[in-house]
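Structure, as structure tokens:
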Amino acid sequence: MCAICGIMNLENKKAADSRQIAAMNEEMFLRGPDGGGIWMSPDGSCGFGHRRLSILDLSDTAGQPMLNGDGKIALTYNGEIYNYREIRNRLEKTGKYTWKTDHSDTEVLLHAYEEWGMACLDEFRGMFAFAIWDATRGCCILARDRLGIKPLYYMKDGGRLVFASEIKALLKVRVQPRRINEKAMYDYLSFLSSPGEETLTEGICRLPPASYLVFTKDGLVKKTRYWDVLDHIRPDVRKADADTLSQMVLAELRTSVNYRKRADVPVGVFLSGGVDSSANMALFSEGETGRAMAFCIGYDRNYSTYQNENRFARLMARRCHAQYYEQLLKEDDLFEFLPVMAKLMDEPAADPTCFPAYYVSRLAREHGVTVAQTGEGSDELFWGYRRWKAYLRLSQLDRIPFPKVLKYTGLGLLCTAGKGGRDYTELLRRSICGVPVFWSGAEGFHEYDKNRLLSDAWRKHFRGYTSFEAVRPVYERFMDKAWEKSYVSWMGYADLNHRLPELLLMRVDKMSMANSLECRVPFLDHKFVELAMSISQKQKTQGGVNKAVLKRAVKGLVPDELVYRKKQGFTAPVYDWFLGRLGKKMHKDVLAFADETGYFNKRYINELFSSQVNAKKIWYLFNLALWYQTHIQGNTGQ
């Protein structure tokens, strides 16, 4: 696990600046405190940087950037190829390559590219973001893993391509002034992170999951999507009975967990007490000669919006004979964390889980762990959110051919009754417009709310636009490819393409890497994802139980008390703390953002602050304000 960066001159006018690459490297030091390197191409047109967190093959020979035998291919790489042993065995049998390292997955990736070109991506089970300079082809290639577990950002700036693992590294060397991307901000208000390829910083893009970009020195750019789960649906899964399906799910999950135990440093598990992390803990403990290490975060007391789950985590740790560590957080810890969060989240992800994610990562690192396994992805794959039940019922109602005039009448009555901002009213609007009622598993402000939030000028600016336009390409791809065009399949596919990579996984990546900790996500092994997305809606929703398929699969491994208890997300009681000094700081910062930018209607903001019911929406605006202060107004970087 590492940080990568680089510069490629696109206009052949001047050399890449190694000092700027060094500056980007330094900005990302915490992602790779164990070493760093810089490589410059012989003609000076391209340069790569790298910061290393040593996980596999701790020797200096495994350092990066890494060159192939004749020096014509250079690689800088962030991530892990878990099946590196199997791929290396195949490559060794060709007799073509001289190996410099004992078991570096970086060298495996390098020679795999030599052997198969970009088809090497089909061979990897892992998480990665990497850049390759190929002197023979005269190009620079950027690639990102299938599920978007690792980030990769890039910009065209002053006639050059600049890329890095973090946006703030790009801002360190940016020539153009910093500006907010207003369309991305509008969509952020809907989805709590910016969807698609655009970030909230104008001119900076993210490489989408399962994609690679080829940049040539003459300025040509080609983007390729190399994987889509809908192209890998398994017919045998659709035909399986309940028992067979449970066996298939458990076997594939066990394989995924075992792959993610491969490391030359200590590996632990984040444990919350829910079924996902508990299943992970149980499978991780299998075959261990020593005691596994488990880490949990709780709070100083139970709150109205969050009840501690620590007793369930302790129960699972005892069952697995694990060494268990926990930390209880309080409001003072949040205040200490806020400036840290603003710096680390170089693109706002309005999820309070960043707070406990940071501290559980720090807890693990303090106890000697360099790698931790986490439970992200299960809910998206197995119909895991309670709210999704409501969406499924509404989608079924939406298919009843009510005359549109009745829908319009109902909408009018709801608005007249002062319920224009309710969730069900928004979903009725979507039905009338002929778009799916589900857009994302994370929604902040609906279009009605945004019309009230935005100032008059910005409401006019976005007239006629809705954030479904950010969802539309994914929906059209789903409707074109899906083997079962069911609503449960759509919800899973939608979140796999946006909410998971750009909100949930980014909070994990940035909070863990700030503590020089690598997080691995067994539920997002692409083979496991292909299996899960092959399961029908009928199978997933049997009995109306969320995650029924997964619960049946892990029954016996995980105590029934944990399998069947009410789901509670891993988050923080910020909505309780909103009533105290946190609320005062949020009010001050959000109003300052409104004054500075002119984007928001201050009367509506004050109305939001009049009730704790609106605390979630205020948190979303607060995150935006903190990010703006730090990264656009320039309190970090240059």
Side-chain angles (χ1 to χ4, degrees), residues 3 24 27-31 78 129 148-153 155 164-172 174 178-181 184-185 187-196 198-202 204-206 297 329 333-362 374 376 442 444 498-517 519 570-572 574 582 585-586 589-590 592-593 616-637:
M24 290 194 289
E27 187 70 17
M28 300 185 292
F29 179 85
L30 290 175
R31 295 183 75 95
N78 168 30
I149 302 168
K150 291 290 101 185
L152 188 54
Y153 304 98
M155 64 182 180
S165 298
E166 295 184 354
I167 291 174
K168 59 180 173 287
L170 300 181
L171 294 176
K172 195 76 177 176
R174 184 181 172 108
R178 304 178 189 189
R179 284 192 290 264
I180 194 167
N181 180 331
M185 182 202 71
D187 291 334
Y188 161 87
L189 295 172
S190 290
F191 304 123
L192 318 187
S193 63
S194 61
E198 296 183 34
T199 71
L200 265 80
T201 306
E202 187 178 273
I204 295 180
C205 298
R206 67 169 68 88
I297 288 294
L329 302 176
D333 295 312
L334 177 64
F335 271 84
E336 178 184 304
F337 172 67
L338 287 176
V340 177
M341 181 183 75
K343 181 175 173 60
L344 297 179
M345 296 304 295
D346 50 14
E347 187 176 22
D351 188 332
T353 303
C354 292
F355 172 47
Y358 177 84
Y359 280 97
V360 74
S361 298
R362 191 170 79 173
T374 74
E376 271 74 15
H498 170 236
R499 179 174 179 258
L500 194 62
E502 308 311 345
L503 179 62
L504 306 188
L505 292 174
M506 285 307 96
R507 77 187 182 198
V508 172
D509 173 82
K510 286 170 175 142
M511 296 303 103
S512 61
M513 293 307 293
N515 289 284
S516 305
L517 179 84
C519 280
F570 178 57
T571 185
V574 295
L582 176 61
K585 176 172 175 54
M586 294 165 79
D589 286 358
V590 172
F593 176 81
K616 285 186 178 181
K617 292 179 179 178
I618 293 166
W619 178 261
Y620 309 150
L621 299 179
F622 178 55
N623 274 251
L624 182 63
L626 284 182
W627 166 81
Y628 181 81
Q629 292 169 14
T630 306
H631 296 285
I632 298 299
Q633 290 183 319
N635 295 338
T636 64

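Note that these values count all heavy atoms, side chains included, but never hydrogens, waters or copies made by symmetry.
Residue Ile167 holds its CD1 atom at 10.0 Å from SG of Cys205, rounded to the nearest 0.5 Å. Remark: Met345 CE to Met511 CE distance equals 5.0 Å, nearest 0.5 Å. Going from atom CG of Asn623 over to atom CD of Glu347 covers 12.0 Å, rounded to the nearest 0.5 Å. In this structure, the separation between CH2 on Trp627 and CD1 on Ile180 is 4.5 Å, given to the nearest 0.5 Å. Of the inter-residue distances, the one linking Cys519 atom SG with Met513 atom CE reads 9.0 Å to the nearest 0.5 angstrom. If you take CZ on Arg499 and CG on Leu505, they are separated by 10.5 Å, rounding to the nearest 0.5 Å.
The shortest heavy-atom contact between Leu170 and Met155 is O-CE, 3.4 Å. Nearest heavy-atom pair across Ala350 and Tyr188 is CB-OH, 3.2 Å. Pro151 and Tyr153 get closest at one heavy-atom pair: CB-CE1, 3.8 Å. Taking each heavy atom of Ala342 and Thr630 in turn, the nearest pair found is CB-OG1, 3.3 Å. Between Ala3 and Ser165 the shortest heavy-atom distance is CA-OG, 3.6 Å.
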Should His631 and Leu200 be marked as a side chain to side chain contact (heavy atoms under 4.5 Å, CB included) after you check the CA-CA gap, both sets of side-chain angles, and the distance that decides it? CA-CA 10 Å; His631 296 285; Leu200 265 80; over 6 Å; no

Side chain to side chain contact (heavy atoms under 4.5 Å, CB included) assessment of Ile204 paired with Arg174: CA-CA 10 Å; Ile204 295 180; Arg174 184 181 172 108; 3.3 Å; yes

Chi angles and distances behind the side chain to side chain contact (heavy atoms under 4.5 Å, CB included) call for Asp351, Leu192: CA-CA 7 Å; Asp351 188 332; Leu192 318 187; 6.0 Å; no

Mind running side chain to side chain contact (heavy atoms under 4.5 Å, CB included) on Ile297 and Phe355 for me, showing each step along the way? CA-CA 10 Å; Ile297 288 294; Phe355 172 47; over 6 Å; no

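The salt bridge (charged side-chain N to carboxylate O under 4.0 Å, His left out) search around Asp509 returns Arg31, Lys150, not counting sequence neighbours. Not counting sequence neighbours, the partners of Lys585 by the salt bridge (charged side-chain N to carboxylate O under 4.0 Å, His left out) test are Asp589. Applying the side-chain contact (heavy atoms from CB on, under 4.5 Å) criterion to Ser193, with sequence neighbours excluded, gives His498, Glu502, Leu503. When the salt bridge (charged side-chain N to carboxylate O under 4.0 Å, His left out) test is applied to Glu198, no partner is found at least two apart in sequence or on another chain. Residues that satisfy the side chain to side chain donor-acceptor pair (under 3.5 Å) test with Asp187, not counting sequence neighbours, are Lys183, Tyr465, Ser467. For Asn515, the side-chain contact (heavy atoms from CB on, under 4.5 Å) partners two or more places apart in sequence, or in a different chain, are Tyr358, Ser361, Arg362.
Remark: the backbone N or O of Leu30 is paired with a side-chain donor or acceptor of Ser516 at under 3.5 angstrom. Looking at Arg206, its side chain does come within 3.5 Å of a backbone N or O of Gly196 through a donor-acceptor pair. Put simply, the side chain of Asp346 gets close to the backbone of Lys168: a donor and an acceptor are under 3.5 Å apart.
Ring geometry, Phe593 versus Tyr628: the interplanar angle exceeds 60°, so the pair is classed perpendicular (tilted spans 30 to 60°).
Counting non-hydrogen atoms of other residues, nucleotides and ligands closer than 6.0 Å to NZ of Lys616 gives a total of 12 or fewer.
One finds no salt bridge joining Glu166 and Lys172 here, because no Lys/Arg side-chain nitrogen approaches an Asp/Glu carboxylate oxygen to under 4.0 Å.
Taking 4.5 Å as the limit, some side-chain heavy atom of Phe622 sits within range of a side-chain heavy atom of Leu338.
Partner of Val590 under the side-chain contact (heavy atoms from CB on, under 4.5 Å) criterion, out of Leu626, Leu621, Leu624: Leu621 alone.
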